[in-house]
Amino acid sequence: MEFALLNGEIIERSEAMIDVEDRGYQFGDGVYEVIRVYNGKMFTAAEHLNRFAKSAESIGISLAYTSTQLTGLLEKLVIKNNLVTGNIYMQVTRGIAPRNHVFPAGSVPPTLVAYTIRGVRPFDNLKTGVKTILTEDIRWLRCDIKSLNLLANILAKQKASEEGCFEAIQHRGQDVTEGSSSNIFIVKDGTVITHESNNLILKGITKDVILDLCIKNNIPVKERTVSLAELDEADEVFLSSTTAEVTPVIEISGQKVKTGVPGPITKKLQKLFEKEIEKQCGVLVDKDM
Ligand code: PDD
């Protein structure tokens with residue numbers, strides 16, 4: 001039996017019902033997080049909960065729980081579901097109210113939901129790398145908010161999937177922004193370069209872990225806009241996310257990245273990232289590399 005967290009209570013997942021007038025369902029009026037679980041422990045939980053609170057605050061939703069309380073509730077959920085390797089999906093919406101674009105009057109309680117998803121690490125992609133396509137970034141200008149509104153992202157990802165690719169690398173004109181559900185990095189002449197964290201991309205938790213690992217391990221790193229021409233001429237390209245970790249990109253719109261195999265700096269960062277997981281969650285039971 002699987003359990004879910006609904007407004008502070010852990011209940012059977014099949015009994016977690018959402019009203020048709022929940023504003024998340026009707027407007028996508030809410031924010032979310034995906035947290036990775038390794039060895040039954042949450043990875044970078046504080047960072048995710050901090051971003052969750054920030055996203056909620058930026059659209060005027062006040063969470064009824066502190067980060068410490070939420071951590072406790074999510075830990076309980078992981079234990080209740082016997083989750084060893086997988087993800088926690090969590091979202092909060094502006095709550096249930098008669099349909100109206102204007103925020104509901106009075107104090108409508110937000111709807112908070114979390115549940116777990118079992119899933120092993122993406123070993124094949126980590127080892128061999130993934131193919132990608134390029135697509136124009138048609139999203140709004142607050143991509144820093146982890147909004148439930150993912151229409152542009154899913155359209156981009158679907159396009160990638162239909163072309164036999166794992167991810168769509170988005171760009172605004174000549175500037176690379178990020179993947180449909182990941183951050184994008186290039187390596188040029190030994191330097192790791194990725195888009196600065198501003199309103200045009202999500203400040204990825206994995207991205208920040210990677211930047212930190214670069215600094216600690218004397219790998220030159222820069223946060224700045226990367227052009228399509230630079231992407232084209234990169235020595236290595238990789239993407240990062242909570243679920244994809246550090247995934248090599250070996251092809252972009254039918255063109256190989258260099259020789260079309262994962263590069264040395266990407267592989268080094270994968271090893272360092274794995275060590276970081278083990279630091280927080282203990283020696284990985286689900287390990288293949
Ligand atoms: N996506 N950019 C976008 C648009 C994302 O949706 C994500 C994550 C990232 C990477 O962020 P992080 O490293 O914090 O996971 C960047 C999650 C995993 C998802 O929607 O499933």
Side-chain angles (χ1 to χ4, degrees), residues 24 28 30-38 42-56 58 85-92 113-119 121-122 125-126 130 132-161 166-172 175-185 192 194-214 223 225-226 237-247 249 269-270 272-274 276-277 280:
V31 296
Y32 77 104
E33 276 298 326
V34 179
I35 305 174
R36 199 79 171 101
V37 172
Y38 300 103
M42 286 186 275
F43 180 62
T44 52
E47 289 82 353
H48 280 282
L49 291 170
N50 182 29
R51 186 173 66 186
F52 188 58
K54 263 198 198 154
S55 289
S58 66
T85 313
N87 303 307
I88 299 171
Y89 177 84
M90 171 170 63
Q91 71 170 47
V92 65
V113 172
Y115 69 101
T116 59
I117 303 151
R118 283 169 217 287
R121 297 174 57 212
N125 288 352
L126 293 173
V130 295
T132 62
I133 59 160
L134 284 171
T135 192
E136 184 69 36
D137 193 338
I138 59 165
R139 299 174 302 161
W140 70 331
L141 297 174
R142 289 304 308 273
C143 297
D144 53 317
I145 300 172
K146 207 160 167 53
S147 159
L148 293 181
N149 287 277
L150 291 174
L151 263 182
N153 306 60
I154 61 171
L155 290 175
K157 188 74 117 189
Q158 179 62 22
K159 193 171 158 203
S161 171
F166 174 75
E167 180 60 302
I169 300 179
Q170 303 174 103
H171 57 94
R172 288 191 192 266
D175 295 341
V176 175
T177 50
E178 62 179 341
S180 71
S181 63
S182 61
N183 291 115
I184 301 293
F185 296 70
V192 174
T194 187
H195 199 287
E196 64 271 38
S197 291
N198 60 15
N199 63 309
L200 299 180
I201 66 158
L202 183 75
K203 186 173 162 57
I205 306 298
T206 321
K207 171 184 190 257
D208 281 351
V209 171
I210 294 165
L211 294 180
D212 209 43
L213 287 172
C214 285
E223 272 187 286
T225 310
V226 169
V237 179
F238 63 91
L239 59 84
S240 75
S241 83
T242 294
T243 49
E245 301 181 3
V246 180
T247 295
V249 171
L269 284 168
Q270 286 184 321
L272 292 169
F273 190 78
E274 201 162 82
E276 191 57 36
I277 298 171
Q280 288 190 32

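Atoms considered below: every heavy atom in the structure, side chains included; atoms not considered: hydrogens, waters and symmetry mates. Note that ligands are numbered from 1 as they come in the structure, with each ligand's atoms numbered from 1 the same way.
Here the CD1-NE2 distance, from I35 to H48, works out to 6.0 Å after rounding to the nearest 0.5 Å. Once rounded to the nearest 0.5 Å, the distance linking CD of Q170 with OG1 of T132 reads 11.5 Å. Taking CD1 of I201 as the start and NZ of K207 as the end, the distance is 4.0 Å to the nearest 0.5 Å. Rounded to the nearest 0.5 angstrom, D208 CG and L213 CG are separated by 11.0 Å.
Heavy-atom contacts of T242 reach the following atoms of ligand 1: 12 (P), 13 (O), 14 (O), 15 (O) (cutoff under 4.0 Å). Each of the atoms 19 (C), 21 (O) of ligand 1 lies under 4.0 Å from some heavy atom of V34. Against a heavy-atom cut-off of under 4.0 Å, G204 is close to the following atoms of ligand 1: 11 (O), 12 (P), 13 (O), 14 (O). Interface of N153 with ligand 1, defined as ligand atoms under 4.0 Å from a residue heavy atom, comprises 4 (C). Of all the atoms in ligand 1, the ones that sit under 4.0 Å from a non-hydrogen atom of S180 are 4 (C).
Between atom 6 (O) of ligand 1 and the options S241, S181, A244, the minimum heavy-atom separation is to S181. The heavy atom nearest to atom 3 (C) of ligand 1, out of those in H195, K207, E178, is found in E178.
Screening T247, I184, I210 for a side-chain contact (heavy atoms from CB on, under 4.5 Å) with F238, the sole residue that qualifies is I210. Shown are Q91, K146, R51; of these, the side-chain hydrogen bond (donor to acceptor under 3.5 Å, both in side chains) with E33 is made only by R51.
Within the structure, the closest approach of Y32 to ligand 1 falls below 4.0 Å when heavy atoms are considered. Judged by the shortest distance from any of its heavy atoms, K203 lies outside the 4.0 Å radius around the atoms of ligand 1. Between E47 and ligand 1 there is no heavy-atom distance shorter than 4.0 Å.
Under 4.0 Å is where a charged nitrogen must lie from a carboxylate oxygen, and between K203 and D144 no such pair does. Using a 4.0 Å cut-off between a side-chain N of Lys or Arg and a carboxylate O of Asp or Glu, R172 and E136 do not qualify as a salt bridge.
Annotation: atom 1 (N) of ligand 1 to nearest protein heavy atom, K146 NZ, 3.3 Å. Taking atom 10 (C) of ligand 1 as the reference point, the nearest protein heavy-atom neighbour is N183 OD1, 3.6 Å. Closest protein heavy atom to atom 13 (O) of ligand 1: T206 OG1, 2.5 Å.
At under 3.5 Å, not a single nitrogen or oxygen of H48, backbone or side chain, sits near a nitrogen or oxygen of ligand 1. Residue S240 has no nitrogen or oxygen atom sitting less than 3.5 Å from a nitrogen or oxygen atom of ligand 1, judged on distance alone. In terms of polar-atom proximity, G179 is not counted as a contact of ligand 1, lacking any N or O under 3.5 Å from an N or O of the ligand.
Looking only at atom types and distance, the side chain of D137 has a donor-acceptor partner in the side chain of T177 under 3.5 Å away.
Ring geometry for Y32 versus Y89: interplanar angle under 30°, hence parallel rather than tilted (30 to 60°).
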